[in-house]
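Written out below as C-alpha cells is the structure these notes cover.
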Amino acid sequence: MKRRIYNIINSFVLGITAIWFICRFYDIQGIFVKSTPISVVSIMGTALLIYGIKFCRLYLALYDTQLGLEICLTIYCKVTPISIILPFKVGEFFRIYCYGRQIGSLLKSVVIILLDRFMDTAALVTAIALVWIFYGERPSVFIYFLLIFLILSVCFYFVFPGIYRFWTRYLLCAKASEHKIWALKTLESIHALYSEIENVVKGRGMILYFLSLAAWGIEISNITLINYMTGGNHTGVVISEYLLSAMSRRQSPEFDQFVFISVIGFVLLFWMLWVRKMLFKKEDVK
C-alpha cells in the first residue's frame with residue numbers, strides 16, 4: 001500500500017513538472033538564439049561540475065544515514081530537476097519526502113534538505129555581495145532581507161542551547177500547569193530538531209558552505225566567460241540578473257539555458273541508472 005501511494009505521488013509530481021517544463025521552454029529556439037556551440041558545451045561542462053559538487057555536499061550531509069552511493073545518486077537525479085523547475089521551491093517538499101522515505105526519518109530528511117538549502121543560499125548571498133563589491137551592482141532589497149534572515153538563523157543556532165537550559169530549568173521548578181507542560185513539550189520538540197541540525201552541522205558545516213561557494217563560483221565564472229564569448233557588455237548586470245533569477249521568478253536567458261541543459265542531463269542520467277539497475281538487479285530504491 002505504501003509503495004502504491006509513493007508511486008502515485010511520484011507520478012503526480014513528475015506529471016506536473018513535465019507540464020511546467022513544457023510551458024516554460026516552449027520557445028526553446030528563442031532561449032538559445034544568441035548561443036554558440038562553444039557556449040552550449042561550456043554550460044554542459046559547468047552543469048556537470050556544479051551538480052557534481054552539490055551532490056557531494058548533499059551526500060556528505062547524508063553520510064551518517066547509511067544511504068548507498070548509487071541509491072543516493074538515483075534519488076538526486078529524480079528530485080533535483082523537480083526542485084529546479086517548479087516555482088517557489090515547492091520541489092523541496094518532494095525532496096524531503098523522497099529522502100525521508102528512503103532513510104526512514106522524515107525529521108532527519110527535513111533537517112538535511114533545509115540545511116542543504118541554507119548553505120546554498122548563504123553561499124549565493126556571499127556571491128551576490130562579491131559581485132556588488134567588484135562590479136558596483138547594488139543588490140535588491142530582497143537580498144538584504146535574506147541576509148538578515150541568515151544572520152538571525154546563525155545567531156539562534158548559537159544561543160539556543162543557553163535558552164533551552166534556562167527555560168527547561170525554570171519550567172521544571174515552576175508549579176505544574178497545562179500551559180507549562182505544553183511549553184515544556186514544545187521546548188523539547190524544538191530541542192530534538194536542534195539536535196538533528198547540530199548532528200549534521202558539527203564537523204561538516206563549513207565544508208558544506210565552502211562546497212556551495214565553489215559551485216556558485218564556477219557558475220559565475222561560466223556566465224562571465226559566455227558573456228565575453230557572445231560579445232556582451234555590462235558583465236556585472238548580467239551576473240546580477242542571473243543570480244537573482246536563481247532566487248526568484250525573474251527571467252534571465254543565461255539562467256534558462258542552464259536550467260534546460262541541467263534538466264535534460266538529469267533525465268538522461270536517471271534513465272541510465274534505472275536501466276543499469278534493471279539489468280544488474282542492484283539494490284532496490286524504495
Pairs where residues 102-111 contributes a residue and the test salt bridge (charged side-chain N to carboxylate O under 4.0 Å, His left out) is met, not counting sequence neighbours:
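Sorted result for residues 102-111: Lys108-Glu196.
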Would you mind listing every salt bridge (charged side-chain N to carboxylate O under 4.0 Å, His left out) that reaches into residues 198-214, with sequence neighbours excluded?
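Listed once each, the pairs are Asp64-Arg204.
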Restricting to pairs with a member in residues 196-223, which pass ring-ring contact (aromatic ring centres under 6.0 Å, His included), not counting sequence neighbours?
none
Under 4.5 Å between side-chain heavy atoms, chaining through other members, with only Ile, Leu, Val, Met, Phe, Trp and Tyr counted: pull out the rest of the cluster around Ile148, sorted by chain and number.
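When side chains under 4.5 Å apart are linked, the cluster holding Ile148 also contains Leu152.
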Taking only residues two or more places apart in sequence, or in another chain, which ones meet [X] in a side chain to side chain contact (heavy atoms under 4.5 Å, CB included)?
X: Ile207; answer: Leu60, Leu211
X: Leu147; answer: Val125, Ile151
X: Leu268; answer: Ile264
X: Val259; answer: Arg24, Phe25, Ile84, Phe255, Val263

Listed pairs under 3.5 Å, donor-acceptor, residues 163-172 side chains, sequence neighbours left out:
| from | atom 1 | to | atom 2 | distance (Å) |
| --- | --- | --- | --- | --- |
| Tyr164 | OH | Glu188 | OE1 | 3.3 |
| Tyr164 | OH | Glu188 | OE2 | 2.7 |
| Thr168 | OG1 | Tyr164 | O | 2.7 |

Partners meeting ring-ring contact (aromatic ring centres under 6.0 Å, His included) with Phe93 (sequence neighbours left out):
none
Would you tabulate the side-chain donor-acceptor contacts of residues 40-59 under 3.5 Å, counting partners in other chains and residues two or more places apart, or write 'none'?
| from | atom 1 | to | atom 2 | distance (Å) |
| --- | --- | --- | --- | --- |
| Ser42 | OG | Asn222 | OD1 | 2.3 |
| Thr46 | OG1 | Ser42 | O | 2.7 |
| Thr46 | OG1 | Asn222 | OD1 | 2.9 |
| Arg57 | NE | Asp116 | OD1 | 2.7 |
| Arg57 | NH1 | Asp120 | OD1 | 3.2 |
| Arg57 | NH1 | Ser212 | OG | 2.7 |
| Arg57 | NH2 | Asp116 | OD1 | 3.2 |
| Arg57 | NH2 | Asp116 | OD2 | 3.3 |

Kindly give the heavy-atom pair with the smallest separation between Ser109 and Ile96, and that separation in Å.
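The answer is OG-O, 2.7 Å.
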Which residues pass the side chain to side chain donor-acceptor pair (under 3.5 Å) test with Glu92, not counting sequence neighbours?
Ser83, Arg95
